[in-house]
Amino acid sequence: MAMRIVIDARTLGWTGIGRYVHHLLLELEQLDTATDYQVLLRDVDRKRWQPTAANFTVVPANMEPYSVDEQTKLPALLRSLEPDLVHFLNFTAPLFYSQPYIVTVHDLTLVHFKNVRGAGLKKLVYEAKYWAGRLVLRHVLQASRHIITDVEFVRSELLERYRHDPFPLPAEKITAIHLATDFTHIKPSQPEWIDAKTPFVLYVGNYYPNKNIGKLLEAFAVLAENDTKTKLILCGKADYFQQELQKQAAALGLEKRVVFAGFVPDEALGWLYDHAKLYAFVSLSEGFGIPGLEAMAAGTPVLSSLASCLPEVYGDAALYCDPDNAADIAKQMKLLLEDDKLRKQLIARGKTQVASYSWRRMAEQTLEVYRNTLR
């Protein structure tokens, strides 16, 4: 009888993590025709991926990540599938599921930052979610058979942070497996809301506090004092944090210089990557930093934070800045906008850096983790 592995792909529709989920499924279909794979998907994501291999089956699973249903209903569904192994592709997993599983922990942003929104009852709800998330994370780290991280930085963080626990994480329990990008297959399409002649700095992602967009706005205000043409385009789904950043941009007098573009489809995103003067990524905490690699693949130079795993992922292919210092961010942006020699160097290094990563290799290493765990 074939071994059965359940892959929890309920995060397929998420930005960032969703790219990881999608490519893992695509590559595993090519690599492993012997294992019976049961893939958990929410109905809303069914059009994002359809199995093409006979040994892959979609299992409807409409329990939202981080929800009560995930904790109360998902264990029963998993038990009904009788898997030999489950792979949770994010650390969000049910506390009361005790059969063998592995987990991917992309970063420790939850530990380092509170994404608390609003006031009153709303604030209390998010506080409760924050502490519940930390509880789930600590549990899955101990209960899982193996842990995958995207980078060595997060692997080391886990080992250091939990080394004083009653049961410290053994080093051999955690494997760092790099992600990749292949965004160049997207056919670019110019958004209607931008003039092709407008020079702009680009950011793509969410607006959570760890992304440090407030500091980027401060830096851009400094840059804009002497640069009257360049705009800052911020692409990401509108939320509470975007509203706060819009207020900050207005207070800085940047209403006409900063574009909050909202969610941008891949085709338009491809055009923006192709035409940006630089990609700005001043994040304080990341699991890998795929958008920076997407920019490099498009031939756009990257200004990156020195924080977290980004130097590990980007190597010498980015210009780095102090993410806590708006003056330094502005200085490095100005340098990258004006120094053609530096731009050409970083564009060439970026192409080389992107080519060093592979979704196929990521899936091969993940499959090796499955097989070692099942042994």
* Closest heavy-atom contact between L202 and C235? -> CD1-SG, 3.9 Å
* Trace of the side chain to side chain contact (heavy atoms under 4.5 Å, CB included) decision for C321 with V282 -> CA-CA 8 Å; C321 62; V282 298; 3.9 Å; yes
* Asked: Are T175 and H146 linked by a side-chain donor-acceptor pair shorter than 3.5 Å?
  -> yes
* Please list, chain by chain and in numerical order, all residues satisfying salt bridge (charged side-chain N to carboxylate O under 4.0 Å, His left out) with R79, sequence neighbours excluded. => none
* Worked check of side chain to side chain donor-acceptor pair (under 3.5 Å) between Y20 and T11 -> CA-CA 10 Å; Y20 162 65; T11 52; over 6 Å; no
* Asked: Taking only residues two or more places apart in sequence or in another chain, which ones pass ring-ring contact (aromatic ring centres under 6.0 Å, His included) with Y97?
  -> none
* **Pairing of R19 and E294 as salt bridge, 4.0 angstrom limit** => yes
* For H23 and D182, test the side chains for any donor-to-acceptor distance below 3.5 angstrom and give the result as yes or no. => yes
* Structure fact -> Residue set satisfying ring-ring contact (aromatic ring centres under 6.0 Å, His included) with W49, at least two apart, ordered chain then number -> none
* No-hydrogen, no-angle side-chain donor-acceptor test under 3.5 Å, T109 and S285 -> yes
* **With sequence neighbours excluded, residues passing ring-ring contact (aromatic ring centres under 6.0 Å, His included) with F281** => Y279
* Check whether the side chains of N90 and T92 place a donor and an acceptor atom closer than 3.5 Å, and report yes or no. => no
* Polar side chain donor-acceptor pair, T52 to E29, under 3.5 angstrom -> yes
* Do the charged groups of E64 and R10 touch, with an N to O distance under 4.0 Å? -> no
* To do: For D36 and N55, test the side chains for any donor-to-acceptor distance below 3.5 angstrom and give the result as yes or no.
  => no
* To do: Step by step, work out the side chain to side chain contact (heavy atoms under 4.5 Å, CB included) result for L24 and M362.
  => CA-CA 8 Å; L24 179 62; M362 176 276 295; 3.8 Å; yes
* With sequence neighbours left out, what residues match R361 under salt bridge (charged side-chain N to carboxylate O under 4.0 Å, His left out)? -> none
* Consider only side-chain N and O atoms of Q71 and D69, and report whether a donor and an acceptor are under 3.5 Å apart. => no
* Which pairs pass side chain to side chain donor-acceptor pair (under 3.5 Å) with one or both residues in residues 365-375, sequence neighbours excluded? -> H87-Y370, N372-R375
* Stepwise side chain to side chain contact (heavy atoms under 4.5 Å, CB included) test for Y314 and L293 -> CA-CA 8 Å; Y314 300 154; L293 287 184; 4.1 Å; yes
* **H22 side chain to E27 side chain, donor-acceptor N/O pair below 3.5 angstrom** => no
* **Which residues share a salt bridge (charged side-chain N to carboxylate O under 4.0 Å, His left out) with K231, sequence neighbours left out** => none
* **Pairs touching residues 197-206 that satisfy side chain to side chain donor-acceptor pair (under 3.5 Å), sequence neighbours left out** => none
* **Under 3.5 Å side-chain donor-acceptor pair for Q353 and S356** => no
* Tell me, please, which residues at least two apart from T352 pass side-chain contact (heavy atoms from CB on, under 4.5 Å). => none
* Please name all residues satisfying ring-ring contact (aromatic ring centres under 6.0 Å, His included) with F200, sequence neighbours left out, ordered by chain then number. => none
* Asked: Got a sec, which residues hit salt bridge (charged side-chain N to carboxylate O under 4.0 Å, His left out) with D45, two or more places apart in sequence or on another chain?
  -> R42, R48
* Asked: Would a 4.5 Å heavy-atom cut-off, applied to side chains only, mark L374 and I5 as touching?
  -> yes
* Does one side chain, of D239 or Q243, offer a donor that lies under 3.5 Å from an acceptor on the other? -> no
* Test item: S308 side-chain N/O and E286 main-chain N/O as donor-acceptor pair under 3.5 Å -> yes
* **Over all atoms of both residues, closest heavy-atom pair of L169 and L159** => O-CD2, 3.4 Å
* Please report the closest heavy-atom contact between L234 and Y207, naming both atoms and the distance. => O-OH, 3.2 Å
* Asked: If you measure from the Lys or Arg side-chain nitrogens to the Asp or Glu carboxylate oxygens, is any gap between E364 and R360 under 4.0 Å?
  -> no
* **Residues forming a side-chain contact (heavy atoms from CB on, under 4.5 Å) with S144, sequence neighbours excluded** => Y101, V103, I147, K173
